[in-house]
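Residue numbers start at 1 and run along the sequence shown.
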Amino acid sequence: MNLDELLKEYTELETQLADPAVHADQSKARTLGKRYRHLTPIVGTYRELEHVRDDLTAAKELAGEDEAFAEEAAELEGRIPQLEEKLKHLLIPRDPNDDKDIIMEIKAGEGGEESALFAGDLLRMYLRYAERLGWKTEIIEAQHSDLGGYKDVTVGIRAKGDEGVWSRLKFEGGVHRVQRVPATESQGRIHTSAAGVLVYPEAEEVDVHIEPNDLRIDVYRSSGPGGQSVNTTDSAVRITHLPTGTVVSCQNEKSQLQNKESALRILRARLLAIAQEEAEAAAQAERKSQVRTMDRSERIRTYNFPENRISDHRVGFKAYNLDQVLDGELSAVTQALIDAEMAEKLAQHS
């Protein structure tokens with residue numbers, strides 16, 4: 001969509017949002033409002049640029065009569081490239097999921113109990129990061145390990161404002177490797193283990209339509225670490241989406257209905273991710289970003305405890321504040337990945 005079309009759309013949105021009838025449908029009003037807020041900085045920057053260009057023309061005409069206008073013209077000429085660059089960045093096509101909340105799965109991998117403990121460290125890191133940004137978090141499903149870590153944990157993260165969680169955490173999917181001396185290591189040797197992270201944009205019901213006949217729903221008794229029963233009723237739920245073979249299990253809640261709702265929430269997010277990946281592969285209209293991957297076999301980051309170092313292998317990011325990062329100071333890492341994506345998009349559209 002070119003700039004003229006965006007300006008026309010912005011004007012139409014202003015007219016629609018001024019109509020009280022539109023606000024009778026809250027869902028539609030939210031969708032229109034979100035699009036309007038996205039276009040506002042684009043239109044504002046364009047209008048500012050046009051205003052500066054007009055002022056520059058006037059200042060040049062008057063510069064021969066008054067030196068003050070010559071100085072103003074020089075200042076205005078310096079602002080134009082800055083505004084043009086800003087507008088260029090704003091016009092880069094956005095990831096359509098950037099406004100969405102996410103569902104994140106963290107899974108212990110190679111390394112046994114040490115990997116499960118590291119999965120717990122990653123969970124805490126993301127929870128603390130979300131807390132710093134004022135986001136809301138919710139543990140949807142968790143399988144604890146015997147030493148207090150997690151074999152598998154699923155967390156929902158929701159933003160309060162307009163910026164979606166996906167825009168900042170979409171690059172976290174992949175294998176996270178840890179190098180440290182495990183608590184169970186008596187010789188003080190450094191071990192390497194890993195945990196996998198999967199990130200899905202959270203799907204609304206309108207994003208993914210699920211046919212009830214496509215689901216097989218099984219109920220069973222919840223169990224805790226070691227397999228012991230933690231409930232006397234069949235409250236745990238396993239949902240199988242027959243067309244894709246996707247299986248989701250939930251047992252965290254005490255009621256079967258709550259577990260079913262949580263499982264459907266995870267299932268919708270997974271199916272949305274599958275549909276989007278298939279559409280992307282079929283269209284081949286846009287190359288996959290060098291930093292955006294859902295491949296859990298790819299090692300994306302290393303957490304080296306002896307050196308207090310964190311390294312992201314995709315963009316060459318390296319810092320020696322691992323203790324702070326694990327306490328939720330993740331902004332420098334995520335920003336490096338966001339900047340890399342922006343640089344790639346700018347290169348594609350230059």
Tell me, do [X] and [Y] make a side-chain contact under 4.5 Å, heavy atoms counted?
{"X": "Phe305", "Y": "Val181", "answer": "no"}
{"X": "Leu7", "Y": "Val43", "answer": "yes"}
{"X": "Ile80", "Y": "Leu76", "answer": "no"}
{"X": "Lys88", "Y": "Glu85", "answer": "yes"}
{"X": "Met104", "Y": "Tyr200", "answer": "no"}
{"X": "Gln143", "Y": "Val153", "answer": "no"}
{"X": "Lys100", "Y": "Glu202", "answer": "no"}
{"X": "Cys250", "Y": "Ile266", "answer": "yes"}

[X] side-chain N/O to [Y] backbone N/O, donor-acceptor pair under 3.5 Å:
{"X": "Lys107", "Y": "Ala195", "result": "no"}
{"X": "His176", "Y": "Gly196", "result": "no"}
{"X": "Asn308", "Y": "Asp323", "result": "yes"}
{"X": "Asn2", "Y": "Glu5", "result": "yes"}

When you group the ILVMFWY residues by side-chain heavy-atom contacts below 4.5 Å and let the links chain together, are [Y] and [X] in the same group?
{"X": "Leu242", "Y": "Ile210", "value": "no"}
{"X": "Leu198", "Y": "Val247", "value": "no"}
{"X": "Phe118", "Y": "Ile139", "value": "yes"}
{"X": "Ile190", "Y": "Tyr320", "value": "no"}

State, to 0.1 Å, how close [X] and [Y] come at their nearest heavy-atom pair, and which atoms those are.
{"X": "Tyr150", "Y": "Ala108", "value": "O-CB, 3.6 Å"}
{"X": "Trp135", "Y": "Lys160", "value": "CD1-N, 4.3 Å"}
{"X": "Ile239", "Y": "Ala263", "value": "CD1-CB, 3.7 Å"}
{"X": "Ser262", "Y": "Ile140", "value": "CB-CG2, 3.6 Å"}
{"X": "Val165", "Y": "Ala159", "value": "CG2-N, 3.5 Å"}
{"X": "Pro306", "Y": "Asn304", "value": "CD-OD1, 3.1 Å"}

Side-chain polar contacts of residues 47-58 - donor-acceptor pairs under 3.5 angstrom, sequence neighbours left out - could you list them?
{"from": "Glu48", "atom 1": "OE2", "to": "Arg79", "atom 2": "NH2", "distance (Å)": "2.7"}
{"from": "Glu50", "atom 1": "OE2", "to": "Arg53", "atom 2": "NH1", "distance (Å)": "2.9"}
{"from": "His51", "atom 1": "NE2", "to": "Asp55", "atom 2": "OD2", "distance (Å)": "3.2"}
{"from": "Arg53", "atom 1": "NH2", "to": "Glu84", "atom 2": "OE2", "distance (Å)": "2.9"}
{"from": "Thr57", "atom 1": "OG1", "to": "Arg53", "atom 2": "O", "distance (Å)": "3.1"}

Side-chain donor-acceptor contact under 3.5 Å, [X] with [Y]:
{"X": "Ser145", "Y": "Glu113", "result": "yes"}
{"X": "Thr246", "Y": "Arg270", "result": "no"}
{"X": "Asn259", "Y": "Asn252", "result": "no"}
{"X": "Trp166", "Y": "Asp101", "result": "no"}
{"X": "Ser255", "Y": "Gln258", "result": "yes"}
{"X": "Gln276", "Y": "Asn97", "result": "yes"}

(message) Here's a test for you: under side chain to side chain donor-acceptor pair (under 3.5 Å), which of Lys318, His313, Gln179 qualifies with Thr302?
(response)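 Between Thr302 and the candidates, side chain to side chain donor-acceptor pair (under 3.5 Å) is satisfied uniquely by His313.
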
Inter-residue atom distance [X].[atom1] - [Y].[atom2], 0.5 Å rounding:
{"X": "Ile217", "Y": "Lys260", "atom1": "CD1", "atom2": "NZ", "answer": "4.0 Å"}
{"X": "Leu17", "Y": "Lys28", "atom1": "CG", "atom2": "NZ", "answer": "10.0 Å"}
{"X": "Glu14", "Y": "Asp19", "atom1": "CD", "atom2": "CG", "answer": "14.0 Å"}

(message) One pair to check against side-chain contact (heavy atoms from CB on, under 4.5 Å): Val197 and Glu105. What are the steps and the verdict?
(response) CA-CA 6 Å; Val197 175; Glu105 297 181 38; over 6 Å; no

(request) Output, in order, the C-alpha distance, side-chain angles, deciding distance and verdict of side-chain contact (heavy atoms from CB on, under 4.5 Å) for Ile42 and Leu91. (result) CA-CA 7 Å; Ile42 297 174; Leu91 288 172; 3.8 Å; yes

(message) With a 4.0 Å cut-off on N to O distance, would you call Glu72 and Lys60 a salt bridge?
(response)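 Salt bridge absent between Glu72 and Lys60.
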
(request) Kindly determine whether Leu13 and Leu39 satisfy side-chain contact (heavy atoms from CB on, under 4.5 Å), including the steps that lead there. (result) CA-CA 10 Å; Leu13 286 169; Leu39 292 180; 3.8 Å; yes

Name each donor-acceptor pair under 3.5 Å that joins a side chain in residues 119-133 to protein atoms two or more places apart or in another chain, with its distance.
{"from": "Asp121", "atom 1": "OD2", "to": "Arg180", "atom 2": "NH1", "distance (Å)": "2.8"}
{"from": "Asp121", "atom 1": "OD2", "to": "Arg180", "atom 2": "NH2", "distance (Å)": "3.0"}
{"from": "Arg124", "atom 1": "NH1", "to": "Leu326", "atom 2": "O", "distance (Å)": "3.4"}
{"from": "Arg124", "atom 1": "NH2", "to": "Asp327", "atom 2": "OD1", "distance (Å)": "3.1"}
{"from": "Tyr126", "atom 1": "OH", "to": "Glu172", "atom 2": "OE1", "distance (Å)": "2.6"}
{"from": "Arg128", "atom 1": "NH1", "to": "Asp327", "atom 2": "OD1", "distance (Å)": "2.8"}
{"from": "Tyr129", "atom 1": "OH", "to": "Arg168", "atom 2": "NE", "distance (Å)": "3.2"}
{"from": "Tyr129", "atom 1": "OH", "to": "Thr334", "atom 2": "OG1", "distance (Å)": "3.4"}
{"from": "Arg132", "atom 1": "NE", "to": "Asp327", "atom 2": "O", "distance (Å)": "3.4"}
{"from": "Arg132", "atom 1": "NE", "to": "Gly328", "atom 2": "O", "distance (Å)": "3.4"}
{"from": "Arg132", "atom 1": "NH1", "to": "Glu329", "atom 2": "OE2", "distance (Å)": "3.2"}
{"from": "Arg132", "atom 1": "NH2", "to": "Asp327", "atom 2": "O", "distance (Å)": "3.0"}
{"from": "Arg132", "atom 1": "NH2", "to": "Asp327", "atom 2": "OD2", "distance (Å)": "3.4"}

(request) Return yes when atom CD of Glu307 has more than 12 non-hydrogen atoms of other residues, nucleotides or ligands closer than 6.0 Å, and no otherwise. (result)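 Count over threshold, so yes.
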
(request) Please determine if Arg238 forms a cation-pi arrangement with Tyr220, meaning its NZ or CZ atom is less than 6.0 Å from the six-membered ring centre and no more than 45° off the ring axis. (result) yes

(message) Quick check on salt bridge (charged side-chain N to carboxylate O under 4.0 Å, His left out): which of Arg35, Arg158, Arg94 does Asp99 satisfy it with?
(response) Arg94

(request) Check the pair Val178, Glu114 against side-chain contact (heavy atoms from CB on, under 4.5 Å), reporting the backbone distance first and the verdict last. (result) CA-CA 9 Å; Val178 61; Glu114 167 61 13; 4.2 Å; yes

